There are 2 protein chains.
Amino acid sequence: MDDGGGRVTRGKVTIRTVAEHAGVSVAAVSKVLRNAYGVSDALRQNVMESIETLGYRPSAAARGMRGRTFTVGILLVEIGNPFIPEVVEGINDILSPSEFKSLMGMGRSHMPVETSLIEQMIDFHMDGLILVAPRMSGAVLDRYARQIPIAVIGHHEATAAHFDTINSDDQRGAMLATEALIAAGHRDIVMLSQAYAPDSSHAVAGQREIGYRTAMQRAGLPGTVVALPYDGDSVPHHLRQFLEQNPRPRAVFCWSDLFAVDLVNIARSMGLRVPEDLAVIGYDNNPLAALPLVDLSSIDQAGRRLGALAAETLLSRMDGRNAPHHILLEPSLVRRTSG
Amino acid sequence: MDDGGGRVTRGKVTIRTVAEHAGVSVAAVSKVLRNAYGVSDALRQNVMESIETLGYRPSAAARGMRGRTFTVGILLVEIGNPFIPEVVEGINDILSPSEFKSLMGMGRSHMPVETSLIEQMIDFHMDGLILVAPRMSGAVLDRYARQIPIAVIGHHEATAAHFDTINSDDQRGAMLATEALIAAGHRDIVMLSQAYAPDSSHAVAGQREIGYRTAMQRAGLPGTVVALPYDGDSVPHHLRQFLEQNPRPRAVFCWSDLFAVDLVNIARSMGLRVPEDLAVIGYDNNPLAALPLVDLSSIDQAGRRLGALAAETLLSRMDGRNAPHHILLEPSLVRRTSG
DNA sequence: GGCATCGTGTGCACCGTTCTACGTAGAACG
DNA sequence: CGTTCTACGTAGAACGGTGCACACGATGCC
C-alpha cells in the first residue's frame, strides 16, 4: 500500500506483528530480543522464526526511549587527515564482532559543531561516544561524560575522572624524532607545529612541542617552534615561505605528516636535497610517507590500535566500570631516507 | 543527583518540564518546537524563554517515533579517498544553514556493511539518506527508497524511479582525458581501471571505461583496459609491476588519482621521465595531484558541488517531491605537466 | 441576535520498545 | 500433603515526543 507520497506504510512490521505471528506476548518477544532471563528454548526458537520470516528489525528510536540503542557514536575532527580512517578501522575491528554498531559525526575542526554533534548523539540515545581529537576543553567533556560514557582519543587529560583517554605518548614520540635528528649530527633543528587555541594544552601538537623542547634542552640546544595555521589550502604557501627564509634550518621535526609530506615535496621541487640540505622527520606515518619520492621518516602511533583500544575501553565502561582508564601507547620511529 | 553509576538522572529536562515552567500544555510546547500552526507570538515567546533557561533539547529518539528527527544520514563507501571529504563538505554547506543535521556511516566498501548501515539509519527514523558511491545494485536501492527518501552520488542509474542521482558525467570526463592524450600525439594509451563486481555497470569506473573506449574508437585506436584491485596496500606493488612490463605503454589514463598519484611517484622513482617517457592523466583532481613533484593532470568533478546538489535534491524530495531527478555535472580537465 | 468562522490552546491516543510487577504451573522440600 | 522455590510468561505502565479532534472566546455577517 502506498500513502500517495510513494512511501510504503503497510507491511510495517513491529514487535507486535512478531508477537501475533508467534502467538506470544509482546513482552516475550522483547525478552528474546534482549536475550533477557526467563525464556524457554522453545519460545525463543518460535519467536526467532517469526522474526526471520517477517524480516523484523527492532526500531532503534523506540529502543532508545527505554533501553539501549546498541549504537556508539564516533566524533571525528575532520576526515581529511589519512590518519583518521586508520583509527576508525581500529574501532570497527572491535565493534563489528560485538552487538554494537557505530554512527559518525564530522566536527569539521570547529568546536560549536562538535558540541552540537555530541548533543545530537545523546539525543538519539546512543550508548556511548568515542571522540577523536576533539577541540573542546576537559571541563566541557566532563559535563557530557556525566550524561553518556565517553572514550577520547588524541586528547591528553590524564587526570580526567569521568571519561577515559587513549593516546599515543606524544611527548615521547617527539623526543624520539628530535633525538634521532640530534644523533644524526644536526644542531639547528626547528619544529614545525600547528597553531592551536591558547587553552588547549591537551592538544597533541602541544604535547609534541613539549617533547621536542625537552629533547633539545637535554642536548643543550636552543629550540625553535614555528606554528603554522592548518586551514587547508594555505599550507603549501606557508611551507614555501618557511623554506625560503634565510638562513634556512638544516633539520625539521614536523608535528604531522600532513605538513611533512608537502614540506619534503616542496623542498625537493625547489632543488633542495633531502636529507643532505634538509632533514625532515614527520609524525603519524601516514600512507603518503611511504611513497618513493617522499620516503619520509615518521613517528608511527599505531592508529588502528588506538582505535581498537578506545572501543574496548568504551565497551567496558558501558558495561558499568566507573574508575577512569588512561592509556598511553609507546610510539615508534619509522626510519626512511628523509632524516 | 547521582544514580551511583556516575550518570546524572535528575535534571532530565523533557518537554513536560518546559510545559510546566512556561505554564502551558505539552502540546503547545510541541507546536512551538515544530513551528506548527496555531501559536500566538506571546505563547511562542514564553515557551522559547523557558526552553532557553532550562537548556531543553528535544529527544531525537522520541521525535522519531511519530514525527521527524531532522537528521539525514550520509553513507560513505570509505573515507580513505581524499575526494570524499570534499563531497561531505558540500553536503554540509547546504545542511548547516537548514534545520537538518547529518550523521554518517562508513560502508567500508563492503555491501553487507552498507545495507546494515542503511537499515540502521532507517531504524533511527532519519528523514533522508545521501549515499556516496554505494556498492549495491539499483534494485536494492529501490527497495530502500520506498522506505526513506534517498539521493545517490557516484552511482549511475539514470532511469531509477524512486530515488535521485547526482553524478559527474564520468563518460564525458574519461573522454576529455583520453582526447587530451590523443591530441598530444599518443597512440598506445592504456586505461588503468578498478576491478569491480560484474553486475555493477552503475559504478563510476565502468562509466569511465566506456568514455575511454569511445574516445579511442573515434580516433581509430585500439583500447586496452587494465583493471587493478583496490584493496589497500597491494596497489603500489601492482603499479610497479604494471610499469615493469615490456613494452610499457607510453600514456596512461587512470580511473582515479588514488592510483595516479602513486603511479607518477613510482614511475619517477624508477627513473622514468613524466610526461616524456610516461604521460599520465588521472581522475578526481585530489589535493595530492597539486603537489609539485606529482603535478598530475586530472579530471576535476567538483566534489563539493556534487555534495551540495545532493543535499538540495534530497531536501526537495523530503519536502514531498515524487518525480525523480537525475543530475549530471560537466567535468573539466585540470592541466598540469604529467600529460 | 443567532450562527458560522477564525485563531488559539488543550486533552488524549499513539508511536514501538523496555521493564517492573505479578500470575501460574510444576518441582522440590519437610 | 501443604508449602516454598523456581522457571516461564504476561499485563500494563513508562519513555518523550507528535498530531488529531475538539473546546472556547472573540469576530464577522446577514
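This structure is a prediction, so every number in the text was calculated from the model and none was measured. Letters go in sequence order (proteins before strands), and every chain restarts at 1.
In terms of the side-chain hydrogen bond (donor to acceptor under 3.5 Å, both in side chains) criterion, residue partners of Thr165(A) (sequence neighbours excluded) are, by chain and number, His326(A). With sequence neighbours excluded, no residue forms a side-chain hydrogen bond (donor to acceptor under 3.5 Å, both in side chains) with Thr115(A). Glu89(B) pairs by the salt bridge (charged side-chain N to carboxylate O under 4.0 Å, His left out) definition with Arg304(B), not counting sequence neighbours. The salt bridge (charged side-chain N to carboxylate O under 4.0 Å, His left out) test applied to Asp123(B) returns Arg57(A), not counting sequence neighbours.
When ring centroids are compared, His202(B) and His156(B) stay outside the 6.0 Å threshold.
Rounded to an integer number of Å, the gap from Phe124(A) CZ to dG16(D) C1' is 14 Å. One interatomic measurement links the two molecules: NZ of Lys31(B) to C1' of dG11(C), which rounds to 12 Å at whole-angstrom precision. Rounded to a whole Å, the CG atom of Asp41(A) is 13 Å from the P atom of dA7(D). Remark: C1' of dG16(D) and NE2 of His125(A) are 7 Å apart, rounded to the nearest angstrom. Atom-to-atom, CD1 of Ile15(A) to C1' of dG9(D) comes out at 14 Å; the value is rounded to the nearest Å. In this structure, Leu33(A) atom CG and dT17(C) atom C1' are separated by 9 Å, rounded to whole Å. Straight-line distance from the CZ atom of Arg34(B) to the C1' atom of dC15(C): 14 Å, rounded to whole Å. The interatomic distance linking Asp127(B) (CG) with dT18(D) (C1') rounds to 13 Å, in whole Å.
Remark: Ser30(B) is not in phosphate contact with dG19(D), judged by side-chain N or O atoms under 4.0 Å from OP1 or OP2. The phosphate of dG7(C) (OP1 or OP2) has a side-chain N or O of Tyr37(B) nearer than 4.0 angstrom.
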Distance-only donor-acceptor hits, side chain of residues 66-75 of chain A, under 3.5 Å, sequence neighbours excluded:
residue: Thr69(A); atom: OG1; partner: His125(A); partner atom: O; Å: 2.9
residue: Thr71(A); atom: OG1; partner: Thr69(A); partner atom: O; Å: 3.1
residue: Thr71(A); atom: OG1; partner: Gln120(B); partner atom: NE2; Å: 3.2

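The side-chain heavy atoms of Met48(A) and Val32(A), taken from C-beta on, include a pair separated by under 4.5 Å. Residues Leu131(B) and His155(B) have side chains not in contact (no heavy-atom distance under 4.5 Å, counting atoms from C-beta outward).
Contacts between residues 47-70 of chain A and DNA chain D, defined by a heavy-atom separation under 4.0 Å, are made by Met65(A), Arg66(A). Of the residues in residues 16-27 of chain B, those placing a heavy atom less than 4.0 Å from an atom of DNA chain C are Val24(B), Ser25(B), Ala27(B), in numerical order.
Heavy atoms of Val39(B) sit under 4.0 angstrom from primed sugar atoms or phosphate atoms, though from no base atom.
Judged as a ring pair (Phe, Tyr, Trp, His ring centres under 6.0 Å), not a single pair has a partner in residues 27-61 of chain A (not counting sequence neighbours). Within the structure, no pair that satisfies the salt bridge (charged side-chain N to carboxylate O under 4.0 Å, His left out) test touches residues 31-55 of chain A, not counting sequence neighbours. For residues 153-165 of chain B, every residue pair satisfying the salt bridge (charged side-chain N to carboxylate O under 4.0 Å, His left out) rule, not counting sequence neighbours, is listed here: Asp164(B)-Arg317(B), Asp164(B)-Arg321(B).
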What does the 5'-to-3' dot-bracket notation of DNA chain C look like when only Watson-Crick and G-U wobble pairs under 3.5 Å count, and pairs to other strands show as |? ||||||||||||||||||||||||||||||
Atom pairs, protein N/O to nucleotides 24-27 of chain C N/O, distance under 3.5 Å:
none

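Tested against Phe163(A), the residues Val152(A), Leu314(A), Leu129(A) include a single side-chain contact (heavy atoms from CB on, under 4.5 Å) partner, Val152(A).
In summary, the side chains of Ser96(A) and Arg108(B) do present a donor paired with an acceptor at a separation below 3.5 Å, with no hydrogens or angles considered.
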